[in-house]
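One-based numbering, in listed order, for ligands and for the atoms of each.
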Amino acid sequence: MDQLIEGFRRFRESYWRENRELFEALTRGQAPRAMVIGCSDSRVDPQMIFGQEPGEIFVVRNIANLVPPFQASTDHHGTSAALEFAVRSLGVSHLIVLGHAHCGGIHALLQGPAGNPGDFVLPWMRIATAARERALAAAGGDIEAAQRLCEQEGVRLSLGNLMTFPWVKERVEDGRLALHGFYYDMDHGDLLVMDAQGRFRSVVAEGTGAPSCGCGSHGRHER
Ligand SMILES: [Zn+2]
């Protein structure tokens, strides 16, 4: 815990002090333009990956960056509540589902449906059962490929589930809201963005002056 308190002291002495005006403005409210649905994984911090300042992106993180389907019930819908607040109260213009490589939730999903009553991870991961089936069918027994395919199918599935929320669908259809699928490839320090055809494309390979990771596999390719 001391590390966190020390970290806070450093934050206060440097970043907070240097950005007093920003933090003062943020006490009056927030107006983020985008919401990110990311994984809770400690290696995948949306604010850091996208280089954003406080107040710029509204974030919800859960196991495997999943969006559940719209369900009108009195259960405890944490992700749906965050989505509702971002879309209906804050009026964000963009919803981004951020998948990532080496996702532990997806790994557990691929292991199978085992689990004990009272467990929460596997019942939660059942949201992505269809993604699992599609990935296993496409991977043809290649476990590494299945993991990556399932991570990316999970993003596609979550984007589909977003459209089951009536107030998301309405705003997407009238142009007030745009949905995006991103995939953070931590092996290559790359970000893949889903194109109009639903394919993930590297922003590093397609940018100008793109840094090379030295893996020799870059070029205009999909992963
Ligand atoms: Zn994850």
S.K.: Determine, for Arg9 against Glu13, whether the closest basic-nitrogen to carboxylate-oxygen distance falls under 4.0 angstrom.
M.R.: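 No, this pair does not count.
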S.K.: Anything under 30° is parallel, anything over 60° is perpendicular, the rest tilted; go ahead and classify Phe70 against Phe165.
M.R.: perpendicular
S.K.: May I ask you to determine how many protein N/O/S atoms are under 2.8 Å from the Zn ion (ligand 1)?
M.R.: 3
S.K.: Answer yes or no: is there a donor N or O on one side and an acceptor on the other, between the side chain of Gln152 and the main chain of Phe200, under 3.5 Å?
M.R.: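 Here the side-chain-to-backbone pair does not exist.
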S.K.: What are the two closest non-hydrogen atoms of Ala86 and Phe58, and how far apart are they?
M.R.: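 Taking Ala86 first and Phe58 second, the nearest heavy atoms are CB-CD2, 3.6 Å.
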S.K.: Enter the distance from His102:NE2 to Gln147:CD here, rounded to the nearest 0.5 Å.
M.R.: 8.0 Å
S.K.: Hydrophobic clusters join Ile, Leu, Val, Met, Phe, Trp and Tyr when side-chain heavy atoms are under 4.5 Å apart, directly or via other members; which others share one with Ile106?
M.R.: Ile63, Leu66, Leu109, Leu110, Val121, Trp124, Met125, Ile127, Leu136, Leu157
